[in-house]
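Because the structure is a prediction, the values reported are computed rather than measured. Each residue takes its place number in the sequence, starting with 1. What you see below is based on every heavy atom in this structure, not just the backbone, and it leaves out hydrogens, waters and symmetry mates.
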Amino acid sequence: MKKHLCLGGFMRPICLHTAWWRHPSAPAHANFHWPTIKYLAQKLEHACFDAIFTADHLALMPMPPSALRRSATVTSYDPLVMLSAIAACTEHIGLIATGSTSYEDPYLLARRFASLDHLSNGRAGWNIVTTVNPQAAHNFGLDTALRHGERYARAEEFFKVATGLWDGWSDNALVMDKESGIFSDLGKIQPLNHQGDFFSVQGPLNIARPVQGWPVIALAGASEGAREMAARSADLVFGNARSLETGQQFYRDVKNRARAWGRDPSAIKILPANQVYVGATHAEALAKKRYMDNLVHIESNIPNLSIRLGVDCSKFDPDKLLPDLPTTEQGQGNQREWVALARREKLTVRELAKRAAESGTGEMVGTPTEIADQMEAWLMEEACDGFIIVFHTVPDGYEDFTTLVVPELQRRGLMRTQYTGNTLRENIGLPRPISHLDK
């Protein structure tokens with residue numbers, strides 16, 4: 001059977017490039033301008049993307065004021081609120097929202113995602129995140145952020161509670177028999193009665209089981225804890241591989257771990273993020289990248305690198321190679337990927353910092369044919385099952401990819417030309433979890 005790419009469009013923030021909002025054609029308020037967001041979501045659906053993916057920040061980014069004042073991340077919508085609005089003006093595209101297991105409450109989060117799944121007729125997805133921004137802790141009554149191991153232990157229990165609450169309803173719990181006057185069969189709605197190290201939750205939820213059984217479960221991260229949790233629990237795994245070889249290594253590792261847990265590796269989709277620049281010629285695409293990168297102010301460089309590496313880089317000599325780093329308590333997989341890039345290309349701190357400000361992901365630059373060639377190679381050589389597409393600016397980045405690259409992928413049979421399923425799980429080819437009450 002011919003492989004097909006699973007594609008998600010990164011839409012919160014609206015673009016990841018630090019200077020996206022400075023492009024002459026970009027509406028600078030796009031992060032929080034509903035007409036623009038609606039237009040772009042409908043464009044991605046028209047192009048038959050599998051899903052929209054939204055990141056989230058529970059605090060301002062940990063940058064010095066000189067860099068933060070230049071970042072459009074200071075304001076954007078809550079992802080679940082935004083996706084609920086998008087659900088009302090789309091019919092098929094999946095809606096994946098980030099929800100933090102570090103600071104959220106599992107009962108409330110499970111209820112909100114069940115609500116989104118019902119409102120969208122089965123298109124919701126939950127991106128599980130263990131929040132690493134130390135500033136977020138101060139917004140939730142804590143002096144410091146949770147340490148790496150504790151974050152993942154809490155996330156494991158959080159996931160168990162949320163899925164247990166969804167499974168506390170049978171698919172047949174709502175009788176709605178007008179003649180007898182019986183609305184629900186309470187024997188098919190059971191409390192969870194969870195008592196754990198982090199949470200005590202009785203349940204049951206006061207909303208019926210999600211249309212998909214569970215929303216699609218996504219997880220980002222490349223640390224040991226993230227890989228293990230992804231192998232046990234995730235449907236989609238968001239990666240940040242910067243080369244086909246590192247993509248293959250990550251792909252094999254996660255799939256093998258899933259197999260060891262008794263899961264079907266084909267039911268887990270690996271989706272690295274890539275910022276794409278497309279032009280009629282390679283030179284034109286490269287010129288678009290250089291134009292965007294030249295819009296990044298130097299004050300943004302070192303702070304962005306500090307975020308990627310999880311350490312303060314302001315004390316490093318900018319014209320020397322990156323020194324050996326202590327293990328971060330923040331994004332360990334992200335640090336590993338950036339250090340590998342610095343070592344592989346022998347980049348100075350200054351050069352690496354410039355890369356960090358230009359894009360937090362891998363990049364693809366070229367003509368529609370060249371981009372499609374790269375994506376096909378990654379898919380066929382088992383470096384991924386698809387991609388999270390990151391757009392360099394708005395609307396140009398969205399327009400370029402959907403009008404130039406998508407038709408080429410469709411011509412090759414690597415991407416659908418119409419939706420065939422009714423839910424996100426069906427469109428991606430994922431099994432629907434069955435409640436223990438229905439077994």
Side-chain angles (χ1 to χ4, degrees), residues 10-33 36 55-57 59-76 132-135 240 242 273-279 284-323 325 330-331 334-335 337-339 341-342 345-365 390-398 400:
F10 199 108
M11 273 199 68
R12 186 194 181 279
I14 208 78
C15 301
L16 275 185
H17 196 288
T18 301
W20 69 264
W21 62 274
R22 298 188 66 194
H23 191 281
S25 70
H29 59 354
N31 261 354
F32 56 102
H33 185 243
T36 299
D56 195 19
H57 305 296
L60 293 179
M61 297 299 286
M63 299 177 180
S66 60
L68 186 61
R69 66 179 180 170
R70 300 183 181 280
S71 172
T73 63
V74 293
T75 180
S76 54
V132 299
N133 183 353
Q135 302 301 320
N240 196 20
R242 292 177 168 271
N274 266 278
Q275 188 160 264
V276 180
Y277 296 87
V278 190
E284 181 184 313
L286 189 59
K288 289 182 180 182
K289 171 176 165 52
R290 287 174 176 164
Y291 180 85
M292 290 302 305
D293 293 348
N294 286 335
L295 293 177
V296 179
H297 195 279
I298 192 170
E299 290 179 344
S300 298
N301 292 354
I302 291 294
N304 272 283
L305 182 61
S306 298
I307 292 172
R308 311 298 180 205
L309 295 177
V311 297
D312 182 5
C313 299
S314 63
K315 300 178 177 62
F316 299 158
D317 186 330
D319 296 311
K320 290 186 177 180
L321 298 177
L322 187 71
L325 302 178
Q330 298 182 37
N334 206 27
Q335 182 192 71
E337 191 69 31
W338 279 91
V339 169
L341 172 66
E345 299 189 19
K346 296 181 173 55
L347 301 174
T348 65
V349 171
R350 189 188 305 278
E351 291 167 336
L352 189 65
K354 190 171 186 298
R355 296 275 191 97
E358 292 164 2
S359 173
T361 70
E363 293 182 337
M364 291 184 176
V365 182
V390 180
F391 308 97
H392 64 276
T393 191
V394 52
D396 291 13
Y398 288 74
D400 288 351

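- Side-chain contact between Val390 and Cys15 is absent, with no heavy-atom pair separated by less than 4.5 Å.
- When atom types are taken as modelled, the side chain of Asn133 and the backbone of Leu60 share a donor-acceptor pair closer than 3.5 angstrom.
- Side-chain atoms of Ser25 and Asp396 include a donor-acceptor pair closer than 3.5 Å.
- Using a distance-only test at 3.5 Å, with no hydrogens or angles considered, no donor-acceptor pair links the side chain of Asn31 to the main chain of Pro13.
- At a cut-off of 3.5 Å, with distance as the only test, no side-chain donor of Asp400 or His392 sits close to an acceptor on the other residue.
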Test side-chain contact (heavy atoms from CB on, under 4.5 Å) on Phe10 and Thr361 and set out the steps.
-> CA-CA 11 Å; Phe10 199 108; Thr361 70; over 6 Å; no
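- Residue Met63 holds its CE atom at 9.5 Å from OG of Ser306, rounded to the nearest 0.5 Å.
- Residue-environment remark: CD1 (Ile298) stays at or below the threshold of 12 foreign heavy atoms within 6.0 Å.
- In this structure, Val296 and His17 have side chains that are in contact, with non-hydrogen atoms separated by less than 4.5 Å.
- Taken from CZ in Arg355 to CD in Glu363, the straight-line distance is 7.5 Å, to the nearest 0.5 Å.
- Under a 3.5 Å cut-off, the side chain of Arg350 and the backbone N or O of Asp319 do not form any donor-acceptor pair.
- Between Ile302 and Val349 the shortest side-chain heavy-atom distance falls below 4.5 Å.
- Considering Ser314, Pro64, Ser71 as possible partners of Pro303, the one that fulfils the side-chain contact (heavy atoms from CB on, under 4.5 Å) test is Pro64.
- Between Tyr277 and the options Glu284, Met292, Arg290, Met364, a side-chain contact (heavy atoms from CB on, under 4.5 Å) holds for only Met292.
- Under a 3.5 Å cut-off, the side chain of Arg242 and the backbone N or O of Leu341 do not form any donor-acceptor pair.
- Here CG of Leu322 is found 9.5 Å from OG1 of Thr348. Values are rounded to the nearest 0.5 Å.
- Note that OG1 of Thr393 and CD1 of Ile14 are 10.5 Å apart. Values are rounded to the nearest 0.5 Å.
- To the nearest 0.5 Å, atoms OG1 (Thr18) and CG (Leu295) are separated by 11.0 Å.
- Under the 30°/60° scheme for interplanar angles, the aromatic rings of His29 and Phe32 are found to stand perpendicular.
- Leu286 CG to Lys289 NZ: the interatomic distance, rounded to the nearest 0.5 Å, is 8.0 Å.
- We find that Arg69 and Glu299 are joined by a salt bridge, their nearest charged nitrogen and carboxylate oxygen being less than 4.0 Å apart.
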CA sep, side-chain torsions, deciding dist, call: His23, Tyr291, ring-ring contact (aromatic ring centres under 6.0 Å, His included) | CA-CA 9 Å; His23 191 281; Tyr291 180 85; 5.6 Å; yes
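- At least one test fails for Arg70 against the ring of Trp21: distance under 6.0 Å to the centre or angle within 45° of the axis.
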